[in-house]
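Everything on this sheet refers to the single structure shown next.
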Amino acid sequence: MRINLIGVPIYYGCDREGVQYGPKKLRENNISDIFREAGLNVIDLGDIQVDKIKNEDRFKDDKNIKYYSSIYKVNNNLAQVTYDSVKSGNIPIILGGDHSIALGSISGVSRNFKNLGVVWVDAHGDFNTEEISESKNYHGMPLASLAGFGKKNLVDLYYEGKKIKEENIFHIGARDLNIKEEELIRSTKVNLYDKVMIDNKGFDFVLEDIVKKCIEQKIDAIHISLDIDFMDKDLVPGTGTRVEGGYTLEDTKHILDRIMSTNIVKSMDFVEFNPIIDEENTTLDVCIDLLNHIALLFSLEKRLSNEVQC
Ligand SMILES: NC(=[NH2+])NCCC[C@H](N)C(=O)O
Ligand SMILES: [Mn+2]
C-alpha cells in the first residue's frame, strides 16, 4: 500500500484566488516527508492540469455554474487518476484547491468499491444545485451532484449515474446552510449531523452512530472529505468561507481517529486551504499538524494489517 498525493490547484469552484496554491504550499513544507517519516510509502503524483480561464468568461459555458467546463474537465481527469490509485490498492490523498474537487475524487473512488461511504466534514452543506445556489460557486454543490441532484452531466461525470447512496453520506459539522440547500438535504436520506445535533449529543454519539450505520449498511470503504472550514474561523484564517462557532483541531483529530479506526478509510480530500489569506501561517500550521496526524493514523492501520497477515 502506498499513499498517493494528488494536487488539484483549482480556485474556480470558489471564485476566489489563492486556494489554488494550497498544494504548492504544502509541498514546500515537505508534505511527502510527513508520510515517509510515519513509515509509509508515498508517491507524489503531482498536480492535475488546470487550464487558465479569464474571469470575464466564468459564465460562458453555463449561466448557473461558474467555470463549468473547466470544473468538468479537471474533475473528470481527477476521477481517472483517483480510480487508478485505489484500484492498485493505494490510498489517494487529494490536496485542494477548493471543495469542487470532491466531485472527481469521489467519482473515481466510488467506481472501485461496491458500497462506498462518504464522511463529509464541513461547516457548509455543499448540497446546493445550480438552480438554488445563491453564489453559483460550484464548491457549494459537489455533494449534491454526487448524490444525484442538479446538472445531469455532472451527476454522470466519469461514469453514468449517481456516485453515492444518500444513506451512505455522513455529513458532520454543518452550521452555515443556505435555506433551499437545507430543505433539499433534509428531504434526502443523507445523515446530517449539524452543529445543533453535535452540541446536543456530543461527538461520541455522532461517531458511534456513523460507525454503527457503516456496519449495518455493509459499507466496504470510506472516503473522508475534509474541508478545513469545519474548524472555527479563528483557527483557520487561511480559508475562504470561514464560519464562527466551529470546532477545534482536537475535535477534528478525534473524528479522524474514530472513523479511521474502522480500517476501511481508503481515500481522502484535504481542501480549502488558501495560503494567500493566511495570517502568520496559522492555517498552514494547523494543516501540517492535521496531516501529521493523518499520516500516523494510516501508518498505524498499515502496521495492524501487517500484523494480521503474519
Ligand atoms: N466548500 C465550501 N467552502 N463551500 C462553501 C459554500 C458556501 C455557500 N453555501 C455557497 O453555496 O456558495
Ligand atoms: Mn466544503
Side-chain angles (χ1 to χ4, degrees), residues 8-22 58-59 62-68 71 74-75 78 94-106 118-147 149-151 154 164 169-186 190 192-195 223-233 235-247 252 255 268-278 283 286-287 290:
V8 194
I10 191 170
Y11 75 92
Y12 298 150
C14 63
D15 201 19
R16 178 176 188 168
E17 295 248 12
V19 74
Q20 73 268 35
Y21 303 121
R58 52 163 85 79
F59 284 115
D62 191 299
K63 67 180 194 328
N64 285 324
I65 303 175
K66 293 178 187 168
Y67 303 97
Y68 165 71
I71 283 173
V74 168
N75 277 295
L78 174 61
I94 298 91
L95 308 169
D98 65 63
H99 217 162
S100 63
I101 60 102
L103 174 67
S105 61
I106 294 173
V118 169
V119 175
W120 194 280
V121 184
D122 203 320
H124 305 91
D126 297 352
F127 214 88
N128 279 292
T129 62
E130 66 282 3
E131 298 289 336
I132 63 175
S133 165
E134 292 167 18
S135 67
K136 306 301 178 194
N137 291 328
Y138 188 73
H139 78 154
M141 313 183 205
L143 191 53
S145 304
L146 288 161
F149 297 90
K151 194 175 171 80
L154 293 171
I164 340 165
I169 299 173
F170 304 93
H171 189 299
I172 313 180
R175 57 189 189 280
D176 185 14
L177 297 169
N178 302 110
I179 294 172
K180 292 215 165 116
E181 175 186 38
E182 180 159 7
E183 267 172 30
L184 176 59
I185 197 169
R186 288 201 192 278
V190 170
L192 185 66
Y193 306 95
D194 64 358
K195 180 172 162 62
H223 174 97
I224 299 180
S225 198
L226 176 59
D227 186 326
I228 62 167
D229 71 25
F230 165 78
M231 285 175 279
D232 189 68
K233 77 184 228 303
L235 284 174
V236 284
T239 191
T241 47
R242 297 194 285 158
V243 189
E244 59 198 7
Y247 301 98
T252 316
I255 292 173
M268 194 180 285
D269 308 317
F270 190 93
V271 301
E272 297 282 351
F273 169 41
N274 182 335
I276 283 189
I277 55 173
D278 200 4
T283 317
V286 166
C287 289
L290 265 178

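Owing to the predicted nature of the structure, the values given are computational and were not obtained by experimental measurement. Quick note: residue numbers are just sequence positions, from 1. Indexing begins at 1, ligand by ligand and atom by atom, following the structure's order.
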### Among the N, O or S atoms of Asp227, the one nearest the Mn ion (ligand 2)
OD2
### Query
So do Leu290 and Met231 actually touch side chain to side chain, heavy atoms under 4.5 Å?
yes
### Task
Could you tell me whether the side chain of Tyr68 reaches within less than 4.5 Å of the side chain of Leu154, counting heavy atoms only?
yes
### Query
Is there a side-chain contact between Tyr67 and Lys136, using heavy atoms and a 4.5 Å cut-off?
no
### Query
Of the protein's non-hydrogen atoms, which lies at the shortest distance from atom 7 (C) of ligand 1, and what is that distance?
His124 CD2, 3.7 Å
### Task
Could you tell me whether His139 and ligand 1 have an N or O pair separated by under 3.5 Å?
yes
### Query
Is there at least one pair of N or O atoms, one from Asn178 and one from ligand 1, spaced under 3.5 Å apart?
yes
### Task
Kindly say whether the aromatic ring centers of Tyr138 and Tyr12 come within a distance under 6.0 Å.
no
### Asp229/Arg242 salt bridge by N-O under 4.0 Å criterion
no
### Task
Give the atoms of ligand 1, by number and element, whose distance to some non-hydrogen atom of His99 is under 4.0 Å.
1 (N)
### Message
Tell me if the aromatic rings of His223 and Trp120 count as close, with their centers under 6.0 Å from one another.
### Response
no
### Summary
Under 4.0 Å between heavy atoms, the region of Met141 that gets near ligand 1 turns out to be neither
### Query
So which of the N, O or S atoms of Asp122 lies nearest the Mn ion (ligand 2)?
OD2
### Task
May I ask you to check whether Phe127 and Phe149 place their ring centres under 6.0 Å from each other?
yes
### Query
Of all the atoms in Asp126, is at least one N, O or S atom closer to the Mn ion (ligand 2) than 2.8 Å?
yes
### Task
Taking only heavy atoms of Gly140 into account, list the atoms of ligand 1 that are under 4.0 Å away from them.
6 (C), 11 (O)
### Task
Output the list of atoms in ligand 1 that are nearer than 4.0 Å to some heavy atom of Ser135, sorted by atom number.
10 (C), 11 (O), 12 (O)
#### Entry: Enumerated ligand 1 atoms positioned under 4.0 Å from heavy atoms of Asp126
1 (N), 2 (C), 4 (N), 5 (C), 6 (C)
### Task
Would you check if the Mn ion (ligand 2) lies under 2.8 Å from any N, O or S atom of His99?
yes
### Query
Which bit of Thr239 gets closer than 4.0 Å to ligand 1, counting heavy atoms only: side chain, backbone, both or neither?
neither
### Summary
Under 4.0 Å from one or more heavy atoms of Asp227, ligand 1 contributes atoms 1 (N), 2 (C), 3 (N)
### Task
Find out whether Thr252 and Phe230 are in side-chain contact, i.e. whether some heavy atom of one side chain is under 4.5 Å from a heavy atom of the other.
yes
### Task
Please name the residue in the list Asp98, Val286, Ile228 that meets the side-chain contact (heavy atoms from CB on, under 4.5 Å) test with Thr239.
Ile228
### Message
Is it the case that ligand 1 has an N or O less than 3.5 angstrom from some N or O of Asp229?
### Response
yes
### Query
Which of the atoms of ligand 1 are close to Asn128, meaning less than 4.0 Å from one of its heavy atoms?
9 (N), 11 (O)
#### Entry: Tyr193 vs His171 side-chain heavy atoms within contact, under 4.5 Å
no
